Amino acid sequence: MAAPYNHRAIEEKWRKHWEENPININDGKKEKYYCLDMFPYPSGNGLHVGHWRGYVISDVWSRYKLMQNYYVIHPMGWDAFGLPAENYAIKMGIHPSKSTADNVSKIKEQIQEIAAIYDWDMEVNTTDPAFYKWTQWIFVKMFEHGLAYQKEMPINWCPSCKTGLANEEVVNGKCERCGEDVTKKNLNQWMLKITSYADRLLADLDKLDWPQKVKKMQTDWIGKSHGAEVDFQIEGKTQSITVYTTRPDTLYGATFMVLAPEHALAKDLATEEQRAMVEDYIYKASLKSSVDRLQDKEKTGVFTGSYAVNPLNGAKVPIWLSDYVLADYGTGAIMCVPAHDDRDFEFAKKFDLPIIQVIAKDGKEIENMTEAYTEAAGTMINSGDWNGMESSELKLKAPEMIEEKGVGKKTTNYKLRDWVFSRQRYWGEPIPIIHCPDCGPVAVPEKDLPLLLPDVESYQPTGTGESPLADITDWVNTTCPKCGKAAKRETNTMPQWAGSSWYFLRYIDSKNDKELVSRKKADSYLPVDMYIGGVEHAVLHLLYSRFYTKFLNDIGVIDFDEPFHKLFNQGMITGKNGIKMSKSKGNVVSPDDLVRDYGCDSLRLYELFVGPPELDSEWDDRGIDGVYRFMTRFWNLVMENKDKNAQKTNELKKIQSKLVYDITNRLESFSLNTVVSGFMEYNNKLLDISKKGGVDKETLETFVRLLAPFAPHISEELWSELGNNDSVFHHGWPSYNEKDMEEDEIEIAVQMNGKTKVTVTLPKDCGKEEAIAKGKEALGEKLTGTVVREIYVPGRIINIVVK
RNA sequence: GCCCGCGUGGCGGAACAGGCAGACGCGCAGGACUUAAAAUCCUGUUGUAGUGAUACAGUACCGGUUCGAUUCCGGUCGCGGGCACCA
């Protein structure tokens, strides 16, 4: 009796073996393949089975590429700065530098349980000064190129995390991290001018092999629109108000204007009688949080008392203020066409403002309008010289026509805002700027980088809008690098996204202290070929990384302008009923016990078997038994047959080729759950054959080679049991023989009126006449009625249509 | 409100390109082995009717295209996700 499957002994043996004899070697000749995981932040809770799945998927893919003879770049690192790590530290009362280091070593141990082929020599950690030196260096370069600038403005503020947030970090008016309602706070902030890359960020999405969903989310986030800016002269003043509209075709229907309460002219426009009301409205609007602003569906507003002139027809239109107009989009002012815009319609109804239709729907004006007609479809009416034109055509031409008339210009707009980059927190990269009373903001010289984060006792956020660093006077007080006079350091830190926006560049040259990455290495090993991670970063990290990459390309650090060629988003593993795994819900499944009881190989297979990798799956521990049974049976199959010297029959030839064909196709299309079911299915077939006679060695070896990327330990062990002395990963990916898969006879279904009645076995190249005859014969007595049509699709179906 | 995706047994899920729906696995039921249990192996497992071969129904619902629809088209309902006053 051969040895039973002992996962613990086997896995321990091969882990040690791989450590001493690495299987992924860069010999300088092989083509590279860069397969990257989204690096984790070192949470104190450790890994759960959901994290595992992503890492298993990327490792399977990496090992597959390895077997296809690539030099595989498959690194891992730590996104250790930022709010989650700091909040954890505060909660536990441990200094973040210590708690993150502890968590990193804990998680690293867990990640090593996966037995992925990570190259730990490449490891990076965003909190390592040797790493963040370059995070700061990029900021300095952006500052020098005018892409990092300061601005005093009301920004999103999380009262619980006590810091400012980027637009991307506010989800439904709440803080992305802690769920607290986000308020506004007026702060002087460092901003990154991501908007100057808006067009390229949008256009280059076409180049990427990414899920449609993610591309669309980025497209929507960038939110490019085409339209016109139109100038409305203020009555009795020399100034005019510029509005942005995507519907210049409706300009004749503009019956009033609305300015955001924060608009620069808002106060000046108030007449004596209206002044008190206007100032009251502006004050109240400033107190509203973004949640209030979202939730208050009911329109509010105040009349300024002033009027403007419609530049086309000279009509006098009242100027109102309302918080439904956003101050930071377009010009912060809009022209209102209540007949053709829902929001303007609602506002006009509430404040009893005139409604003029300028598009005739189906050739006539709508009587008793109860809602706005918002489509650009119909003939123009009440529109002076535009009357009779088609609205959809006019919409496209109007911007130029307005430009010709000298009352405005054609323009585009984006929803994307510049990136609020300052955080009033301790645990981040200090922004390397010195504020000099004479020179203004001056970058810390490159020779002084990294600018170290000072080690302090008190790192709690202050909540005042000042960073905790502001209290460290010896650190704050310095001299200006330009003029040498006394100056103060910037005390805000960078957001968590700063390090993660470029870390993938650093892995391939992680110890270089002269450059961010050597150009030679960058040209050889970058960009990333396959990027695997959750979909939650669709607009945050993935947009920021693309922005950074384009900038670094522009300044010549790298020679490409998109970081990630292909993106795969794995689904989430949830607890029962689709509830997200979390410590507070008590439904976290740790991989540790499963690895102990079933082995790493079984857990790897089961992580894939639970469902399609791109979809969310509910975790159910029980299913792993099935995978473990498969492993045992396959083990027994090989052990029983390895020395049998069984003949290779035609049947076995066919099975071998079909196995390679099926597994490869499923793997290529990332249908990893069906790869595993395929292994089970073919194993069952071979067990059957084994009972009848035996399975030849080549078939067994082929199976082992295919299984290797999925279950590496057992595959290496069986590979050696089959008499091989080297690693199974050095034998390439198996190929199949088309001829061996050909069938002489094919069983096909015989239908009557499209419903299958019987099956019949036909020769491979059976002609129609013979096929129909055999089909009818097989139907026998079931064939009733008059035959009106006979359909034969070779290899697929016979269908007899009767009446 | 707008945009995107998805609805298949008791459960997770499969079905290449419009051609035998339910592969594979879990669970469950019965059997073998065992003093017994676990493990293992075998058989069955969409529903209804029938001892049975078999018949009919069936991929959220209604309709269409087709010899034939889980697959394509239109509509309805349900679930999930994204955006959310962006003019």
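Keep in mind it's a predicted model, so treat the numbers as computed, not measured. Values below: every heavy atom of this structure, side chains too, minus hydrogens, waters and symmetry copies. Chain letters run A, B, ... following the sequence lines, proteins first, then strands; residues in each count from 1.
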At under 4.0 Å, does any side-chain N or O of [X] touch on OP1 or OP2 of [N]?
| X | N | result |
| --- | --- | --- |
| A/Thr674 | B/rC24 | no |
| A/Tyr324 | B/rA87 | no |
| A/Asn684 | B/rG25 | yes |
| A/Arg629 | B/rG25 | no |

Q: Indicate, with yes or no, if the rings of A/Trp320 and A/Phe256 have centres closer together than 6.0 Å.
A: no
Q) Is the centre of the A/Phe679 ring less than 6.0 Å from the centre of the A/Phe634 ring? A)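 No, ring centres 6.0 Å or more apart.
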Q: Any pair with a residue in residues 607-628 of chain A that passes ring-ring contact (aromatic ring centres under 6.0 Å, His included), sequence neighbours left out, goes on the list, sorted by first then second residue, please.
A: A/Tyr5-A/Tyr628, A/His7-A/Tyr628, A/Tyr598-A/Tyr628, A/Tyr606-A/Trp619
The side chain of [X] is closest to which nucleotide in this list: [options]?
| X | options | result |
| --- | --- | --- |
| A/Thr759 | B/rA23, B/rC20, B/rC16 | B/rC20 |
| A/Lys757 | B/rC56, B/rC24, B/rC85 | B/rC56 |
| A/Trp221 | B/rG25, B/rC20, B/rC83 | B/rC83 |
| A/Arg622 | B/rC26, B/rC56, B/rG25 | B/rC26 |
| A/Thr246 | B/rA23, B/rA87, B/rG25 | B/rA87 |
| A/Met217 | B/rA23, B/rC83, B/rG82 | B/rG82 |

Grab the N/O contacts between the protein and nucleotides 1-4 of chain B below 3.5 Å, and write none if there aren't any.
residue: B/rC3; atom: O2'; partner: A/Lys216; partner atom: NZ; Å: 2.6

By the 4.0 Å heavy-atom rule, please label [X] as base, sugar-phosphate, or nothing.
| X | answer |
| --- | --- |
| A/Thr632 | nothing |
| A/Glu790 | nothing |
| A/Asp328 | nothing |
| A/Arg633 | sugar-phosphate |

Q: Decide whether a cation-pi geometry holds between A/Lys299 and A/Phe347; the criteria are a distance under 6.0 Å from NZ or CZ to the six-membered ring centre and an angle within 45° of the ring axis.
A: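 No, A/Lys299 does not sit over the ring of A/Phe347.
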**Q.** Row check, A/Tyr682 ring normal vs A/Lys685 NZ/CZ: under 6.0 Å, within 45°
**A.**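 Geometry flag: set, cation within 6.0 Å and 45°.
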Q) At what distance, to the nearest 0.5 angstrom, does CZ of A/Arg546 lie from NE2 of A/His541? A)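 Going from CZ on A/Arg546 over to NE2 on A/His541, the span is 12.0 Å.
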Q. Just how far is it from atom CD1 of A/Ile402 to atom NZ of A/Lys409, taken to the nearest 0.5 Å?
A.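 Rounded to the nearest 0.5 Å, the CD1-NZ separation comes to 13.0 Å.
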**Q.** Whichever of A/Lys691 and A/Gly611 has its nearest RNA chain B nucleotide further upstream toward 5'
**A.**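 Taking each residue's closest nucleotide, the earlier one in sequence belongs to A/Gly611.
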**Q.** 5'-most by nearest nucleotide on RNA chain B - A/Ala333 or A/Thr756
**A.** A/Thr756
When rounded to the nearest Å, what value does the distance between [atom1] atoms of [N] and [M] take?
| N | M | atom1 | value |
| --- | --- | --- | --- |
| B/rU48 | B/rC67 | C1' | 28 Å |
| B/rA69 | B/rG58 | C1' | 14 Å |
| B/rC61 | B/rG10 | C1' | 23 Å |
| B/rG27 | B/rA84 | P | 45 Å |
| B/rG22 | B/rA14 | P | 15 Å |
| B/rG30 | B/rC56 | C1' | 28 Å |
| B/rG5 | B/rA21 | C1' | 23 Å |
| B/rU70 | B/rG25 | P | 26 Å |

Q: Could you tell me which nucleotide pairs with B/rC41 by Watson-Crick or G-U wobble geometry, both distances under 3.5 Å, or answer none if nothing does?
A: B/rG31
Q) Between the side chain of A/Thr374 and the main-chain N/O of A/Asp341, is any donor-acceptor distance below 3.5 Å? A) no
Q.
Test your reading of the model: is there a side-chain donor-acceptor pair from A/Thr761 to the backbone of A/Glu747, 3.5 Å cut-off?
A. no
Are any protein N/O atoms closer than 3.5 Å to N/O atoms in nucleotides 66-72 of chain B? If there are, list each pair with its distance.
residue: B/rC67; atom: OP1; partner: A/Arg789; partner atom: NH1; Å: 2.7
residue: B/rC67; atom: O2'; partner: A/Asn799; partner atom: ND2; Å: 3.3
residue: B/rC67; atom: O2; partner: A/Asn799; partner atom: ND2; Å: 2.4

